[in-house]
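FYI, the numbering just counts along the sequence from 1. Counting convention: from 1, in listed order, for ligands and their atoms alike.
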Amino acid sequence: MDYALSEQQQAFRETAMRFAKEKLAPHYQKRASEDRIDRALMKEMGALGLIAPDLPEQYGGLGESSVTAGIIIEQIAYGDFNASYVPLLASLMGGMLAQHASPDIAQEWLPKVTAGEAIIGLGLTEPRGGSDAANLILRAEKSGNGYRLNGEKTSISFSDQCEAAVIFARTGKVEDGARGVSAFFVDLNQNGVTRTHFDDIGTKPVGRGSIFLDDLFVPAECLMAEENKGFSKIMTGFDFSRALIGLECLGPAQASVDESWHYTTERNAFERPIAQFQGVSFPLAEAETQLTMMRQLCYFTLSLRDRRLPHTAEAAMCKWYVPKVACEIIHQCLLTHGHYGYTTDLPFHQRYLDVMGLQIGDGTAQIQKLVIAREKVGRVAVQYARQP
Ligand SMILES: Cc1cc2nc3c(=O)[nH]c(=O)nc-3n(C[C@H](O)[C@H](O)[C@H](O)COP(=O)(O)OP(=O)(O)OC[C@H]3O[C@@H](n4cnc5c(N)ncnc54)[C@H](O)[C@@H]3O)c2cc1C
């Protein structure tokens, strides 16, 4: 395997790193207490080509690789975890639209996404639960030259900020499970849509909430992929976001470790820098080891995707393992800073709360392990769970 970055990837990395260190990191905590994403920063990211460069050029992307998208997301998350939700969601949802939406919809919306002028949300989870995602009930009934949508999606990132969303709805019978689900592109700025905002413990600028659709008419051209095939065709996009989420969670963990190394050389106890105590340096050395291994796994998974090779199990590994270990590393870094680490002057508590959300979002660790088991021994591992 070739692990070297191309010149182009190196340039993206440096641009993203500079933007993260100069523009994002200094005010990460201040922005983290706000309940809106900073739209001006989003547009700056877009102007620098940092939002979904993996999308095709005809839709405002740069035709770059999945690995390049990952490189950028890791760097942005190093400076501001919340800001990194923008390129992450743009790559996931943008990829879905580029592949499965009508060319007119893709042409209208994707250039706005890559420019940082629009957010497209993902509407999958419903109040009765997210793990058994195919068992959804939000209804789409045929009506004239389109569909009428009725029901509630909940726990949706950017619920009250996204301009549009891909909504998964039941078009077939409940007994059909995943085979009766379709996906629709829905412009949310219209009558028939109401939204709520949860009071979350982290990722406040992203925010989550419910989206209610009340007899909302969507034209037939908003159907993505084929009717009743929405689930099987579109869910493969999650193999992409799961590897990207791994890199997103790595960013703040690496930032915490970098800051902790620095602190160990400046802070003295027993008349010497605390770096001299192996009880202090070894946990950081262990964290560096874990970060290096996890980074390799995430980029390996993305490189499999770029080479169009199977990567479902690897993506699930990224998704369950990295957010969990990243939280453990950030916790350790807080402790390395002693009483000072327990204040809100330092960013460790904020990073911890922000990253923790992705131990749940996009599927919990248990669900990812079911995916890995299914990839290894087949559907016998998940028959009771009706997993996609
Ligand atoms: C920060 C964040 C962002 C999110 N963003 C979005 C979004 O943009 N769009 C969207 O649609 N959803 C989003 N979600 C929802 C998320 O995908 C769901 O919360 C997740 O899939 C779990 O569903 P649930 O919360 O209903 O838990 P449940 O499905 O009710 O599960 C509860 C617990 O039971 C466990 N469990 C369930 N089934 C099994 C099983 N078969 N074996 C073992 N354990 C099991 C779960 O792991 C979990 O611990 C987000 C969630 C969070 C926290």
Would you call the rings of Y263 and H337 parallel, tilted or perpendicular, taking 30° and 60° as the class edges?
parallel
Carboxylate-amine/guanidinium contact D362 K319, below 4.0 Å:
no
May I ask you to check if ligand 1 and T203 share an N or O to N or O distance below 3.5 Å?
no
Consider every N or O of R208 and every N or O of ligand 1, then say whether any pair is closer than 3.5 Å.
no
Answer yes or no for I156: is there a heavy-atom contact with ligand 1 below 4.0 Å?
yes
Can an N or O of D132 be found at a distance shorter than 3.5 Å from an N or O of ligand 1?
no
Here the atoms of ligand 1 under 4.0 Å from any heavy atom belonging to I360 are 19 (O), 20 (C), 53 (C)
Between the candidates G361, S155, G129, which shows the shortest non-hydrogen contact distance to atom 6 (C) of ligand 1?
S155
Ion pair present between E226 and K233, side-chain N to carboxylate O less than 4.0 angstrom?
yes
Nearest non-hydrogen contact to atom 24 (P) of ligand 1 from the set G130, G357, G123 belongs to G130
When you measure from the centre of the six-membered ring of F240, is the NZ or CZ of R305 under 6.0 Å away and within 45° of the axis?
yes
For ligand 1, which part of K153 has a heavy atom less than 4.0 Å away: the side chain, the backbone, both, or neither?
neither
Can you tell me if L89 has a non-hydrogen atom under 4.0 Å from ligand 1?
no
So between L370, L124, V382, whose heavy atom ends up nearest atom 40 (C) of ligand 1?
L370
Whether E248 and R242 form a salt bridge (side-chain N of Lys/Arg under 4.0 Å from carboxylate O of Asp/Glu) is what I want to check.
no
Heteroatom distance test (T154, ligand 1): nitrogen or oxygen, under 3.5 angstrom:
no
What do we get for D362 next to ligand 1 when only non-hydrogen atoms under 4.0 Å count, side chain, backbone, both or neither?
backbone
Listed pairs under 3.5 Å, donor-acceptor, residues 100-109 side chains, sequence neighbours left out:
unit_1 : atom_1 : unit_2 : atom_2 : d
S102   : OG     : I105   : N      : 3.2
S102   : OG     : E221   : OE1    : 3.3
Q107   : NE2    : Q58    : O      : 3.0

Quick one: do E163 and R39 satisfy salt bridge (charged side-chain N to carboxylate O under 4.0 Å, His left out)? Show the steps, please.
CA-CA 13 Å; E163 278 74 14; R39 290 277 175 161; 3.1 Å; yes
Check R36 with D160, please: is the shortest side-chain N to carboxylate O separation under 4.0 Å?
yes
